[in-house]
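The block underneath contains the structure these notes are about, expressed in structure tokens.
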Amino acid sequence: MVQIQARSTLAAVSLFAGLFAKAQGISLEVSSNGGNASSSLLYGFMFEDINHSGDGGIYGQLLQNNGLQGSNPDLTAWGKVGDATIAVDSNNPLSSAIPHSLRLDVPKGADGSVGVTNSGYWGIPVDGNDFQTYFWIKGALDGNVTARLVGNGTGIEYASTSIPVSANDKEFTYIEATIPTTKAPDGNVYYELSVDGSEIAGGSLYFGLVQLFPQTYKSRRNGLRPQLANALESIKGSFLRFPGGNNLEGANEGRRWKWNETIGPVEDRPGRQGLDEYFYWCEDMNLSPILGVWDGFSLESGGSTPITGDALKPYVEDVLNELEYVLGDSSTKYGALRVANGRKDPWPLTMVEIGNEDMLGGGCDSYAERFTAFYDAIHEAYPKLTLIASTEDPSCLPSSMPEGAWVDYHDYNTPDGLVGQFNFFDNLDRSLPYFIGEWAQKGVDWPIMQGSVAEAVFMIGIERNSDVVKMAAYAPLLQLTNSTQWTPNLIAFTQSPSMVIETSSYFVQQIFSANRGDTIREITSDSQFGPVYWVASNTDDTYYVKLANYGSKTETVSVKIAGSTKAKLTVVANNDANAANTDTETLVAPVDSELSGKDGEFSLTLPAWSAAVLVAN
Ligand SMILES: *[C@@H]1O[C@H](CO)[C@@H](O)[C@H](O)[C@H]1NC(C)=O
Ligand SMILES: *[C@@H]1O[C@H](CO)[C@@H](O)[C@H](O)[C@H]1NC(C)=O
Ligand SMILES: *[C@@H]1O[C@H](CO)[C@@H](O)[C@H](O)[C@H]1NC(C)=O
Ligand SMILES: *[C@@H]1O[C@H](CO)[C@@H](O)[C@H](O)[C@H]1NC(C)=O
Ligand SMILES: *[C@@H]1O[C@H](CO)[C@@H](O)[C@H](O)[C@H]1NC(C)=O
Ligand SMILES: *[C@@H]1O[C@H](CO)[C@@H](O)[C@H](O)[C@H]1NC(C)=O
């Protein structure tokens, strides 16, 4: 501004005009030097298999209760076809992990089709690709088993495949078959296996662990459901925190996530998405794994009594075994087990989190001791691993944290609460890196626009401080609309093959995560933060300016980036603070526009309640 005196009258007039224009709006000038390196991980995912986010969700297997597992197995989701009855059978176990099979009793003189049906998880998403079915069968049968996918109520066939089977009543015979499908208009579809009743009349058939998979994400065996994996992939996240969460802790010690029961052939597992599958997910989606390990603390109702002292030792040992399974070579006991299970190379694990939310439910007092026990043992065996404490609350942590350790901070908050946190990270001690392992707006059924903009403000606060805030994961991630206890979620879905509901928060995550620079650049402005917030970064000549308008009025902004001539602006907005994408309407979606810069200056308008990214080069 002092340079006005040195300019010609003409230039001064135009500069004055410029100042006048700026007085109407907000002007930002992005520095092209200085600044801090941004964390390369920054945005990613937290996943736990609860509330049908895994079973019935991203895990590709589509049949419910397919292993008749649990302490009281029943016929949930199963039905019968024709002149026959079905029952849970405990005299013909498939394996020690799957101790029950599904028995089909066919009376003497039966004819016509007899068989079993499975209704899936509130239906089955049939997308027109080739499906795979796998099952074990026991009983005297030399003939065809017909596998079908059928509209419930309409009888329309979306698949029908005859599978030649030669089975006996001494042992289970394994069957696998490809089932070509045609796309169903909705999720109201069931699965059926049937045989000609006259072949079995007066006898029984036993079915063990019946599985149905669509064409999975990246064609991975035992892999992910493609529609949901693709929606996650397009966020371009950098990490995956698993297996939870409350899912890791379990309702008690016996129900914690036991890593060694989730590996190897599925017929030898009592349930749960497996350790190796999580790592394949990371590999296929280019995510850095963050493995949560159980640290002696469960979610006992009425308050937990954490395990401490010598009693903790076997659990520390168990985690060392788990890490050997993940990281060891084939000369180690557990590394060799991983190789035997089909994975030759160690998994590229660099981050381990010790426990989950140990500041809650009676975990705090003993966490310093438990954290230290696990930290010391893991750090000694694997000094290069980054170890993360499950809380940032200093009263639960050792009085001095080991160098290189990180802390996990969770923040479910109201929209105003998230905006109120904007400055929080500015004031952190730079020596203790933060992972925001779970966070989101709370208190609504579906993410609302105001909340999604508040999330953008919160993320701007994170990104400005991404020298110390290393990673942040929106949670929870996935919701089956038909059976939800915890809302809101980033992505919702039904079993209709085309029904993936990308919420307003999903689009904010996507535009913020997919557009990241490696260096955070300072922005100078004569305006204060609020209602408009901003942060800038760049990689080489590409600049990213993220903006949020947490207000009900349109704002005009000019952004100056020296040397840039063109830019793409992507805006996620809705005038209605309460607008939400739901299972019945889509009100929010990103809108792109091209801008050209005059002397590196771009003028743009930010609609009410908006989050935006300007990518300039
Ligand atoms: C870099 O980090 C320091 C704190 O360590 C902070 O004061 C400064 O504002 C940061 N610079 C940028 C461009 O974010
Ligand atoms: C759903 O999530 C909530 C919140 O964590 C949990 O209390 C509940 O047990 C979960 N239900 C199922 C079926 O996973
Ligand atoms: C059809 O849908 C109804 C209602 O959801 C369900 O009770 C029934 O079990 C389904 N039929 C089959 C064969 O799965
Ligand atoms: C599941 O929920 C969707 C709406 O979200 C609904 O259209 C569908 O009929 C429901 N399915 C069942 C089996 O209830
Ligand atoms: C089994 O199905 C195949 C193909 O549909 C058919 O050719 C064959 O005759 C069937 N066999 C019996 C025993 O029904
Ligand atoms: C898993 O590990 C625990 C503790 O080391 C052990 O007691 C249990 O038998 C193991 N389970 C399997 C299936 O190997």
Side-chain angles (χ1 to χ4, degrees), residues 52 56-57 62 64 76-77 79 95-99 111 113 118-125 141-148 151-154 159-167 175 177-180 184-190 194-200 253-272 274-275 293-294 296 307 311-325 333-334 337-338 340-341 445-446 478-484 487 489 491-501 503 580-586:
H52 299 295
L62 300 172
Q64 188 178 180
T76 297
S95 65
S96 58
I98 316 258
D111 63 6
S113 269
N118 187 290
S119 56
Y121 292 91
W122 291 265
I124 293 174
L141 173 68
D142 201 2
N144 284 333
V145 172
T146 303
R148 297 199 308 151
N152 186 347
T154 65
S160 178
T161 302
S162 291
I163 309 166
V165 169
S166 175
I175 304 293
T178 299
I179 308 180
D186 56 36
N188 208 5
V189 173
Y190 66 87
S194 64
V195 296
D196 177 350
S198 63
E199 299 244 355
I200 312 294
E253 184 272 347
R255 293 184 60 195
R256 71 192 192 280
W257 194 80
K258 295 178 192 162
W259 72 274
N260 65 343
E261 295 183 357
T262 74
I263 54 174
V266 284
E267 62 273 23
D268 294 330
R269 301 185 198 175
R272 290 192 156 161
L275 186 60
V293 297
W294 196 75
I307 297 167
L312 204 53
K313 285 188 174 147
Y315 300 98
V316 173
E317 195 57 38
D318 190 48
V319 167
L320 291 176
N321 293 343
E322 180 177 10
L323 293 175
E324 185 177 289
Y325 182 87
K333 176 176 171 192
Y334 291 99
L337 182 57
R338 183 198 66 242
N341 286 338
D445 288 342
W446 301 88
L478 296 169
Q479 166 195 4
L480 172 61
T481 59
N482 304 93
S483 175
T484 298
T487 61
N489 294 255
I491 298 170
F493 57 95
T494 70
Q495 303 302 19
S496 169
S498 23
M499 188 70 151
V500 175
I501 301 149
T503 64
N581 289 348
T582 70
D583 53 348
T584 54
E585 54 186 355
T586 304

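Each residue takes its place number in the sequence, starting with 1. One-based numbering, in listed order, for ligands and for the atoms of each. Predicted, not measured: the structure shown is a model, and the values here were computed from it. Only this structure's heavy atoms are used, side chains among them; waters, hydrogens and symmetry mates stay out.
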* To do: Answer yes if the side chains of Gln479 and Thr484 hold a donor-acceptor pair under 3.5 Å, and no otherwise.
  => yes
* Short N or O distance, Trp122 and ligand 4, threshold 3.5 Å exclusive -> no
* Donor-acceptor pair, Glu324 side chain versus Lys333 backbone, under 3.5 Å? -> yes
* Selected option - heavy-atom contact closest to atom 5 (O) of ligand 6, from Leu337, Thr262, Asp318 -> Asp318
* To do: Using modelled atom types only, decide if a donor and an acceptor are shared between the side chain of Glu267 and the backbone of Ile98 within a distance under 3.5 Å.
  => no
* Arg269 CZ to Ser95 OG distance, which is reported to the nearest 0.5 Å -> 11.5 Å
* To do: Using the six-membered ring wherever Trp is involved, compare the ring planes of Trp259 and Tyr325 and label them parallel, tilted or perpendicular (cut-offs 30° and 60°).
  => tilted
* To do: Could you verify whether a donor N or O on one side chain and an acceptor N or O on the other, from Thr584 and Thr582, lie under 3.5 Å apart?
  => yes
* Structure fact -> for atom 13 (C) of ligand 5, nearest protein heavy atom and its distance come out as Gly143 CA, 4.3 Å
* Heteroatom proximity flag, Glu261 to ligand 6, N/O under 3.5 Å -> no
* Provide, to 0.1 Å, the distance between atom 14 (O) of ligand 4 and the closest protein heavy atom, together with that atom's residue and name. => Asn482 ND2, 3.4 Å
* Asked: Is atom 9 (O) of ligand 6 less than 4.0 angstrom from some protein heavy atom?
  -> no
* Any idea which of Asn144, Asp142, Val145 brings a heavy atom closest to atom 6 (C) of ligand 5? -> Asn144
* Structure fact -> the protein heavy atom lying closest to atom 2 (O) of ligand 6 turns out to be Asn260 ND2, 2.2 Å
* Which residue supplies the protein heavy atom nearest to atom 4 (C) of ligand 4, what is that atom called, and how far is it? -> Asp583 OD2, 3.4 Å
* **Any donor-acceptor N/O pair, Asn489 side chain to Ile491 backbone, under 3.5 Å** => no
